[in-house]
Amino acid sequence: MSTLITVAPTGAELAKADVPQLPTTLAELVDTARSCEAAGAAMIHLHIRDADHRPTLDPGLLKASVEAIRAETDLIVQLSTGGSVHDPLETRLTVLDAEPDSCSLTCGTTNFGDDVFLNPWGFMSDLYVQALEREIVPEFELFDLGHVASLARLIDAHGLPYGGKVHVDFVTGVPGGMPGTPAAVLAGVAILPPAVTSWSATGIGRAHLPVLATALAAGGHLRVGMEDNIVYARGRQVASNAELVERAARLATELQRPPMSTADAREFLGIKRR
Ligand code: KMH
Ligand code: ZN
């Protein structure tokens with residue numbers, strides 16, 4: 001079995017002033033997408049920034065980013081509908097107007113450090129239905145074990161997503177969410193509903209490597225990137241997203257689970273041809 005590697009290069013939390021190598025401009029994002037594809041990524045989980053490098057859900061910029069990455073790579077383009085903790089729910093729904101291949105869909109509200117990442121049932125449900133209508137494949141983000149129950153409720157209420165596949169991603173190690181430990185990941189995997197066809201995992205910060213190793217060993221897939229982790233090794237910051245993808249691809253290959261091609265990943269996730 002091969003390994004789906006998703007890169008989450010930017011996120012909404014880090015400041016460019018603190019981490020200058022964080023890709024925030026469209027040119028930097030396209031360059032990052034290219035180098036991460038070459039390193040073995042098949043999907044990009046995208047947050048965008050404005051001219052001041054601040055998180056934005058500007059519709060024109062979102063559309064331009066999707067189009068530019070599509071033009072320059074074969075990566076599956078997944079737009080974040082989580083945005084930043086400050087984005088209103090209504091604005092987060094408008095992300096779908098940019099017609100990405102995939103969108104994130106977080107299955108519940110989570111304490112997020114000192115903030116709250118809000119995902120009430122009505123929002124999740126609207127996002128699920130709108131993604132289905134627009135033939136956009138959701139990736140279900142699970143920050144906590146309770147989110148697994150809400151995922152099952154979504155599928156019971158609305159049926160399968162577009163494409164018929166159900167791919168989930170455990171986002172572990174957020175302060176307020178499930179811990180980034182092998183035990184927590186495996187507990188989540190054990191209670192996934194039968195409709196789930198694949199899972200990946202990511203660990204925030206120091207949970208990065210243990211969770212990566214757990215996912216590889218347990219038959220899961222990988223998400224890496226500076227959205228989740230900016231430390232490459234003790235005392236050494238990540239230089240680029242591509243080096244995180246390179247390391248993930250190297251470890252996956254050693255474990256006889258080489259990176260999945262973009263063509264195979266499209267099939268694997270049920271992505272619509274656009
Ligand atoms: N930035 C976080 C508040 C997602 O992209 O869907 C939410 C997040 C999840 O990153
Ligand atoms: Zn995100």
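For ligands, and for the atoms within them, numbers begin at 1 and follow the listed sequence. Sequence positions, counted from 1, serve as the residue numbers for this chain.
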Inset, instruction - Check E139, E37, R266 against M43 for a side-chain contact (heavy atoms from CB on, under 4.5 Å) and give me the one that passes. - result: E139
Legend entry - Proximity flag G83 to ligand 1, non-hydrogen atoms under 4.0 Å: yes
Legend entry - H167 to T197 - nearest heavy-atom pair and separation: N-OG1, 4.3 Å
Legend entry - Sidechain N-carboxylate O distance under 4.0 Å for E267, K165: no
Inset, instruction - Begin with the C-alpha distance, continue with both residues' side-chain angles, and end with the deciding distance and a verdict on side-chain hydrogen bond (donor to acceptor under 3.5 Å, both in side chains) for N241 and T32. - result: CA-CA 7 Å; N241 280 283; T32 296; 4.8 Å; no
Inset, instruction - Indicate yes or no: does D97 engage K63 in a salt bridge with an N to O separation below 4.0 Å. - result: no
Legend entry - Shortest protein heavy-atom distance from atom 6 (O) of ligand 1, along with the residue and atom involved: S104 OG, 2.7 Å
Inset, instruction - Among the N/O/S atoms of E227, select the one at the shortest distance from the Zn ion (ligand 2) and name it. - result: OE2
Legend entry - Of the listed options E141, E139, H47, H86, closest to atom 8 (C) of ligand 1 (non-hydrogen atoms): H47
Inset, instruction - Among all protein heavy atoms, pick the one closest to atom 3 (C) of ligand 1 and tell me residue, atom and distance. - result: E13 OE2, 3.6 Å
Inset, instruction - Note the single closest protein heavy atom to atom 5 (O) of ligand 1, along with its residue, its atom name and the distance in Å. - result: S80 OG, 2.6 Å
Inset, instruction - Identify the protein heavy atom lying closest to atom 7 (C) of ligand 1, giving its residue, its atom name and the separation to 0.1 Å. - result: F117 CZ, 3.4 Å
Inset, instruction - Kindly say whether the aromatic ring centers of F170 and H147 come within a distance under 6.0 Å. - result: no
Inset, instruction - Kindly confirm whether the Zn ion (ligand 2) is within less than 2.8 Å of some N/O/S atom in E141? - result: no
